[in-house]
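Scroll down for the structure; my scribbles are underneath it.
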Amino acid sequence: MKGKFIVIEGLEGAGKTTSSYIVASLLRKYGINNIICTREPGGTPLAEKLRTIITNDITQKEHITHYTELLILYAARIQLVENVIKPALMRGTWVIGDRHTLSSQAYQGGGRGINHDFILHLQQEIMGNFIPDLTLYLDVTPEISLQRTKKRGQLDRIEKESLYFFTCVRNYYLTLVQTSNNIKTVDASQSQEKVTHNIKKIIQQWLQHVHL
Ligand SMILES: Nc1ncnc2c1ncn2[C@@H]1O[C@H](COP(=O)(O)OP(=O)(O)OP(=O)(O)O)[C@@H](O)[C@H]1O
Ligand SMILES: [Mg+2]
């Protein structure tokens, strides 16, 4: 595969969307112009439909079980990986992903309490050894996360979860980031300028070791 897959992870409002623009513009400065941005869940017609099921509050009528949630998220992910991400990488396009597998491990594992090994097993069966080349984890406290999302107005089904839920998700993220050298943590509770500076530093350092 010729392109590279860079993923941005973190709680709601951590700054993932903002950061994906920063990464894209930095890559362009290095002459990397073939870039696409993806978001999860979503990014294909079917995956976008699955996103609305996950985020919309249809659950007043029917409770979505934790396993249903997990399976919907992996269904959306594999549609995106097979139909968009892998073909893009094969033709030399770089992919900046707004969320990926770490989100499922943190939210459905840490937040919902689904067994970690079960999630990894499911992932291995569905996705094999496909992993991002680099993941930036934007770390914010649940309090900051909720503050930023509330400013935006209407909260979706996941955003309405409790502070305790997001505390569990964040703690899990903090454990997961220690498991791989390809995951870099950014303190995203800092000012936008400092966050931008740190992201640029990480990407620049990483690019020095990447075969372009
Ligand atoms: N470092 C920062 N300091 C202050 N505000 C920030 C910072 N980073 C992002 N924001 C603001 O917080 C809000 C959320 O940022 P953004 O949409 O990039 O986050 P996100 O992680 O993509 O959120 P979501 O998970 O909901 O998509 C925006 O209003 C953005 O301007
Ligand atoms: Mg976003």
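Both ligands and their constituent atoms are indexed starting at 1 by order of listing.
Atom numbering of ligand 1 starts at 1 in the shown order; those under 4.0 Å from a heavy atom of Gln190 are 1 (N), 2 (C), 3 (N). Listed by atom number, the atoms of ligand 1 under 4.0 Å from Ser191 heavy atoms are 1 (N). Residue Val195 has at least one heavy-atom neighbour below 4.0 Å for each of these atoms of ligand 1: 1 (N). Close contacts between ligand 1 and Arg152 involve ligand atoms 14 (C), 17 (O), 23 (O), 24 (P), 26 (O) [criterion: under 4.0 Å to a heavy atom]. If you number the atoms of ligand 1 from 1 as listed, the ones under 4.0 Å from a heavy atom of Glu159 come out as 26 (O).
For the Mg ion (ligand 2), the count of nearby protein N/O/S atoms, taking only those under 2.8 Å, is 1.
With Glu12 as reference, Arg99 is the one residue of Lys150, Arg157, Arg170, Arg99 to meet the salt bridge (charged side-chain N to carboxylate O under 4.0 Å, His left out) rule.
The nearest protein atom to atom 25 (O) of ligand 1, hydrogens excluded, is given as Lys16 NZ, 2.6 Å; this is a heavy-atom distance. Of the protein's non-hydrogen atoms, Gly13 N, 2.9 Å is the one closest to atom 23 (O) of ligand 1. Scanning all protein heavy atoms for the shortest distance to atom 9 (C) of ligand 1 gives Gln192 OE1, 3.4 Å. Given atom 11 (C) of ligand 1, the protein heavy atom at minimum distance is Arg148 CD, 4.1 Å. Nearest non-hydrogen protein atom to atom 19 (O) of ligand 1 is Gly15 N, 3.1 Å.
Scanning for ring-ring contact (aromatic ring centres under 6.0 Å, His included) contacts around Tyr67 gives Phe118, with sequence neighbours left out.
Residue Thr17 has at least one nitrogen or oxygen atom sitting less than 3.5 Å from a nitrogen or oxygen atom of ligand 1, judged on distance alone. Looking at ligand 1, you'll find an N or O of Thr18 within less than 3.5 Å of one of its N or O atoms.
Proximity of Glu69 to Ile158: side-chain heavy atoms (C-beta onward) are separated by under 4.5 Å at one or more points.
The number of heavy atoms from other shown groups lying within 6.0 Å of CG (Asn33) is above 12.
Here the side chain of Ser19 pairs a donor or acceptor atom with the backbone of Gly15 at under 3.5 angstrom. Using modelled atom types, one side-chain atom of Lys16 and one backbone atom of Leu11 make a donor-acceptor pair closer than 3.5 Å. Under the 3.5 Å distance criterion, the side-chain polar atoms of Glu9 are matched with a main-chain donor or acceptor of Ser103.
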Task: side-chain contact (heavy atoms from CB on, under 4.5 Å) between Glu48 and Arg39, intermediate numbers included - done: CA-CA 9 Å; Glu48 285 294 328; Arg39 68 167 182 177; 2.7 Å; yes
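Side chains of Tyr173 and Asn171: no donor on one and acceptor on the other come within 3.5 Å. Side-chain polar atoms of Thr65 and Thr68 form a donor-acceptor pair below 3.5 angstrom. For the residue pair Thr17/Asp98, the side-chain donor-acceptor check at 3.5 Å is satisfied.
Distance screen at 4.0 Å: atom 28 (C) of ligand 1 has no protein heavy-atom neighbour inside the cut-off.
The six-membered or imidazole ring of Phe130 lies near that of Phe5, with a centre-to-centre distance under 6.0 Å.
By the 4.0 Å heavy-atom criterion, Gly10 is excluded from the residues contacting ligand 1.
Counting all heavy atoms, side chain and backbone alike, Ala88 lies closest to Ile36 at CB-CD1, 3.8 Å.
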